[in-house]
Amino acid sequence: MNLPNKLTMLRILLIPVFMVVLYWDFPGATWVAVAIFIIASFTDLLDGKIARKYNLVTDFGKFADPLADKMLVTAALLWFVEIGQMLLIVLVREFAVSGLRMIASDKGRVIAAGWSGKVKTASTMVCIVLMFLPIPGWLNTMCVAVIAITTLYSGVEYFVLNRDIIATA
């Protein structure tokens, strides 16, 4: 297993740690959870840069990297659902794109993350970090809007660019 794939696996392993810290609810737990989330998010940036720079892109990475991102983001969003801030559209998009990837996989095709998906993931991760911090309500609303807009755009783009997969399903 190459370094980018190990970083992806590290991201996956950090997800339950992130959630346990949030539910443990000790003094400063939110700050520790945010630090874990930031580290996990940074592995996403790092694994992609390393994979492209050293030509270490693999089918496993194309599959596992976006899956790890979805798992991390979904874990954080489920926490926001738990505390009363629901972003259902993001969860629906994640499952829909995952379903599209599964159909493509059945047809022997791997759908790598597109540019809009990368922008969506990066902006969502930044907004999630901000939403964990004590920020003004307007900034929280702005984060929700950024997440919703990038989610909708990238979700539509995935389906438009890969409509041939659905047409033959």
Side-chain angles (χ1 to χ4, degrees), residues 1-20 33-81 87-132 143 146-169:
M1 184 173 284
N2 65 28
L3 180 58
N5 291 342
K6 287 178 183 175
L7 288 169
T8 297
M9 293 305 297
L10 174 61
R11 185 161 62 257
I12 292 169
L13 293 173
L14 286 173
I15 295 166
V17 176
F18 166 70
M19 293 305 291
V20 166
V34 167
I36 293 167
F37 187 88
I38 290 170
I39 291 166
S41 298
F42 184 68
T43 67
D44 181 39
L45 176 69
L46 197 57
D47 69 9
K49 283 190 179 286
I50 292 169
R52 285 184 295 278
K53 182 175 181 176
Y54 296 104
N55 196 27
L56 297 173
V57 176
T58 64
D59 280 345
F60 174 80
K62 288 179 191 176
F63 172 77
D65 179 66
L67 183 61
D69 296 342
K70 286 180 192 329
M71 292 166 60
L72 178 62
V73 167
T74 300
L77 292 176
L78 287 173
W79 175 255
F80 288 123
V81 168
L87 295 171
L88 183 61
I89 191 167
V90 177
L91 296 174
V92 169
R93 182 256 186 217
E94 298 302 338
F95 284 107
V97 170
S98 294
L100 178 64
R101 282 196 167 108
M102 284 188 259
I103 293 168
S105 178
D106 276 350
K107 296 175 183 282
R109 188 161 142 195
V110 176
I111 300 175
W115 182 249
S116 68
K118 291 175 190 283
V119 169
K120 188 264 322 166
T121 298
S123 61
T124 298
M125 288 177 172
V126 168
C127 286
I128 285 171
V129 168
L130 290 174
M131 291 169 69
F132 271 113
C143 284
V146 166
I147 292 171
I149 290 166
T150 58
T151 294
L152 278 171
Y153 179 85
S154 66
V156 168
E157 183 182 61
Y158 270 100
F159 280 89
V160 168
L161 293 176
N162 297 288
R163 62 187 170 272
D164 61 307
I165 293 171
I166 299 167
T168 61

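Because only heavy atoms are used, hydrogens play no part in the values below, and waters and symmetry mates are left out as well, while side chains stay in. Everything numeric here is computed off the predicted structure, so don't read it as measured data. Numbering starts at 1 and runs along the sequence shown.
In summary, the side chains of Thr58 and Asn5 do present a donor paired with an acceptor at a separation below 3.5 Å, with no hydrogens or angles considered.
You'll find the side chain of Ile38 reaches within 4.5 Å of the side chain of Val34, heavy atoms only. Proximity of Arg109 to Asp164: side-chain heavy atoms (C-beta onward) are separated by under 4.5 Å at one or more points. Contact of the Val81 side chain with the Leu77 side chain is not registered, since no non-hydrogen atoms from C-beta on lie closer than 4.5 Å. Contact check for Thr43 versus Thr8: no side-chain heavy atoms found under the 4.5 Å cut-off.
Residue pairs that meet the salt bridge (Lys or Arg N to Asp or Glu O under 4.0 Å) test with at least one member in residues 151-162, sequence neighbours left out, do not exist here.
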What pairs of donor and acceptor atoms, side-chain ones from residues 95-103 against any protein atom, are under 3.5 angstrom apart with sequence neighbours left out?
unit_1, atom_1, unit_2, atom_2, d
Ser98, OG, Glu94, O, 2.9
Arg101, NE, Ile111, O, 2.9
Arg101, NH2, Tyr158, OH, 3.4

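Atom CZ of Phe60 sits in a crowded spot, with more than 12 heavy atoms from other residues, nucleotides or ligands closer than 6.0 Å. Atom CZ of Phe132 has more than 12 heavy atoms from other residues, nucleotides or ligands within 6.0 Å.
The distance from atom CG of Leu72 to atom CG of Leu67, rounded to the nearest 0.5 Å, is 11.5 Å. Residue Asn2 holds its CG atom at 5.0 Å from CG of Leu56, rounded to the nearest 0.5 Å. Once rounded to the nearest 0.5 Å, the distance linking NZ of Lys6 with CZ of Arg11 reads 15.5 Å.
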If you apply the rule side chain to side chain contact (heavy atoms under 4.5 Å, CB included), what do you find for Val57 with Lys62, and how did you get there? CA-CA 7 Å; Val57 176; Lys62 288 179 191 176; 3.7 Å; yes
